[in-house]
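Computation of the quantities below employed the complete heavy-atom set of this structure, encompassing side-chain atoms and omitting hydrogens, waters and symmetry-equivalent molecules. Letters go in sequence order (proteins before strands), and every chain restarts at 1. Since we're looking at a predicted model, the values are computed, not measured.
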2 protein chains.
Amino acid sequence: MNDVAAAAGVALKTVSRVVNNEPGVNATTAERVHAAIERLGYRRNDGARTLRRGRTASIGLVIEDVADPFYSGLSRAVEDVALDEGCLVFTGSSGEDASRERELVLAFCARRVDGLIIVPAGTDHDYLTPEIDAGIAAVFADRPPGAGPDADTVVCDNAGGARVGTEHLLAHGHRRIAFLADSPSIFTATERLRGYREALASAGLPYDEELVAMAPPGRARALADLERLFRLADPPTALFTGNGRTTVATLRALAAPITHGPPVAVVGFDDFELADLLGITVVAQDPARLGRVAAELLFRRLAGESGPPQRLELPTRLVVRGSGELPLRG
Amino acid sequence: MNDVAAAAGVALKTVSRVVNNEPGVNATTAERVHAAIERLGYRRNDGARTLRRGRTASIGLVIEDVADPFYSGLSRAVEDVALDEGCLVFTGSSGEDASRERELVLAFCARRVDGLIIVPAGTDHDYLTPEIDAGIAAVFADRPPGAGPDADTVVCDNAGGARVGTEHLLAHGHRRIAFLADSPSIFTATERLRGYREALASAGLPYDEELVAMAPPGRARALADLERLFRLADPPTALFTGNGRTTVATLRALAAPITHGPPVAVVGFDDFELADLLGITVVAQDPARLGRVAAELLFRRLAGESGPPQRLELPTRLVVRGSGELPLRG
DNA sequence: TCTCGATTTGACAACGTTGTCACCGCCTCT
DNA sequence: AGAGGCGGTGACAACGTTGTCAAATCGAGA
């Protein structure tokens, strides 16, 4: 900017004014400055600007894994809202690792992002309290934070969705419904388990732990679970799978030649690409909406909206495609 | 940092030394400084640090759409490499819109990212030349840049992959093979078309424009294309689909009740989630590897590696799953 | 002609760091 | 005792902006 000023024969401040479209600059002078900018290929240094002004016009987004379609949908929505607000996004994947999450968040804070959107991985978010006190806005998405700060949170109606999904299977006559989901340490998994149990209870059915399997999704694990379930004295006739990855892993296991189980009905939590072609009935949530709502909430906070932390719950939607309507064999 | 210095009763510079683990600070003093840092909840301002030192330890990544699994896989790989290098990533989706790409790139440049990884959307990248001259390293991924700078580029063997896929269908007896892909304005689409034509030529078959359809993927478009193809006097007995989204849209259209075409063999370019369950034969590329290689190349440049721009081509792999092995009905 | 207000411009400090250099003790070696 | 080296510390400028305030210029009205 100094060079530009020298080249245009004006003071630094005048260049600054021109660059920022501030009023009160003579048109002729502005023209001369523009020419100099063009000639020198000058581009304003937003880092320095940020330092002076206090706002960085950037936010940090920490999710579990960008490569997971659920989070990448959320990610895209956050990005779009941010761009509308003239804001850039730092993205980081925690990989469900609390310490990596912490590392990312603190790195974002050191960069003085204006706000954070976090899909929390750990159970302890005390480390965020000083940052929030220091004025960094934070919104939690998909799951509430663990111990620590009381901040805005946007989740979906996990228990309600799981209840509806389970009730759907019950309505088709099933009485032995297995529940397969991620580790109980993950908020959404336990919430969905709760919905499943509520549905059973409402139908006057007992909760049978033998029918429940909760662990990180994976091919081997899905196979093992199914083999165990099908060997039970009173095996399940339907499966409720508690998230997208578990659903996919389960479908693969069901298709494997080893799993010589009887046909079972399947309802999954989370919609996924090609579920329509495979005819899989799901309880769908809308990751893009989750991201959008979280980002909008964040920007309202950044715009100065005060008030107590909000907790928003987004609805789910049952999408009937066939796999959940398989009747009980009589 | 000033406050910390005052609280610890030392000079600014000493705090700086402690914060950066620089040698030459008395253990007792360091202890006192650490205590003050803890007490005040101080966190270094990386923006100011960056301004002073010149390197921002951040890179910009511009892709077409994070929500597309291909790009989100690439994205995750870039992120992982960057994290290893102690670097944060700004991510932006261009949505195949050249002006949005430009806007994002220039915003990243204004933030003085150290480097850029770009999946180019437009055909004119002259706007990047001054930035590259200004010292920002750039690597193009998935597609080469249009007119403008001559920079490092990592692509996959598009033509080779399409040739192998087409040859696979030819080997199963097909002579009328349709080619469905994205707009010819997209580099990968035309390269794959080239591979398709090479395979036909090698087999001594004519290139029939009636069998080729190139446009942005979508449900309606896939249906229209298939209906047209199946109404031809000499309809195709096999389809080669030129990218993941086209493959999926085509499969949906094939499954639609309206499309009452005969069974056709299908080979798609790009692997996708659940292709295994659906039994779709594909020519797979590895988006994570693409991202990793591009990021590694970028960081080598940032580390000072000189030499002429490189152009890397990654191999593809034919994954046989059934849909491409449907024999010609005799 | 002088004063006043508006317009245009510029000097300077500040944002929070780090690099450079100089300083102060203290110990060791002559 | 004096010179020299070394570990520890601090003063100060600089990075590239922008906010504050003052100065210069000009035309208009008294």
Check: So do the side chains of B:Arg289 and B:Leu314 get within less than 4.5 Å of each other, counting heavy atoms only?
Finding: yes
Every protein N/O within reach of nucleotides 24-27 of chain D N/O, cut-off under 3.5 Å:
none

* Asked: Got a salt bridge between B:Asp80 and A:Arg100, using NZ or NE/NH1/NH2 to carboxylate O under 4.0 Å?
  -> yes
Do A:Ser58 and A:Asp114 touch side chain to side chain, with heavy atoms closer than 4.5 Å?
no
* To do: May I ask you to test the A:Leu116-A:Cys109 pair for a side-chain heavy-atom distance under 4.5 Å?
  => yes
Can you give each donor-acceptor pair under 3.5 Å made by side-chain atoms of residues 132-144 of chain B, sequence neighbours left out, with the distance rounded to 0.1 Å?
unit_1: B:Asp142; atom_1: OD2; unit_2: B:Tyr71; atom_2: OH; d: 3.3
unit_1: B:Arg143; atom_1: NH1; unit_2: B:Glu96; atom_2: OE2; d: 2.8
unit_1: B:Arg143; atom_1: NH1; unit_2: B:Pro120; atom_2: O; d: 2.8
unit_1: B:Arg143; atom_1: NH2; unit_2: B:Tyr71; atom_2: OH; d: 3.2
unit_1: B:Arg143; atom_1: NH2; unit_2: B:Glu96; atom_2: OE1; d: 3.1

Side chain proximity check, A:Val105 to A:Arg102, heavy atoms < 4.5 angstrom: no
Its contact letters, B for base, S for sugar-phosphate only and - for none at protein heavy atoms under 4.0 Å, make nucleotides 8-17 of chain D read SBBB-BBBBB
Does the pair B:Glu64 and B:Arg245 meet the rule for a salt bridge (Lys or Arg N to Asp or Glu O under 4.0 Å), with working shown?
CA-CA 13 Å; B:Glu64 202 228 304; B:Arg245 285 209 256 206; 3.5 Å; yes
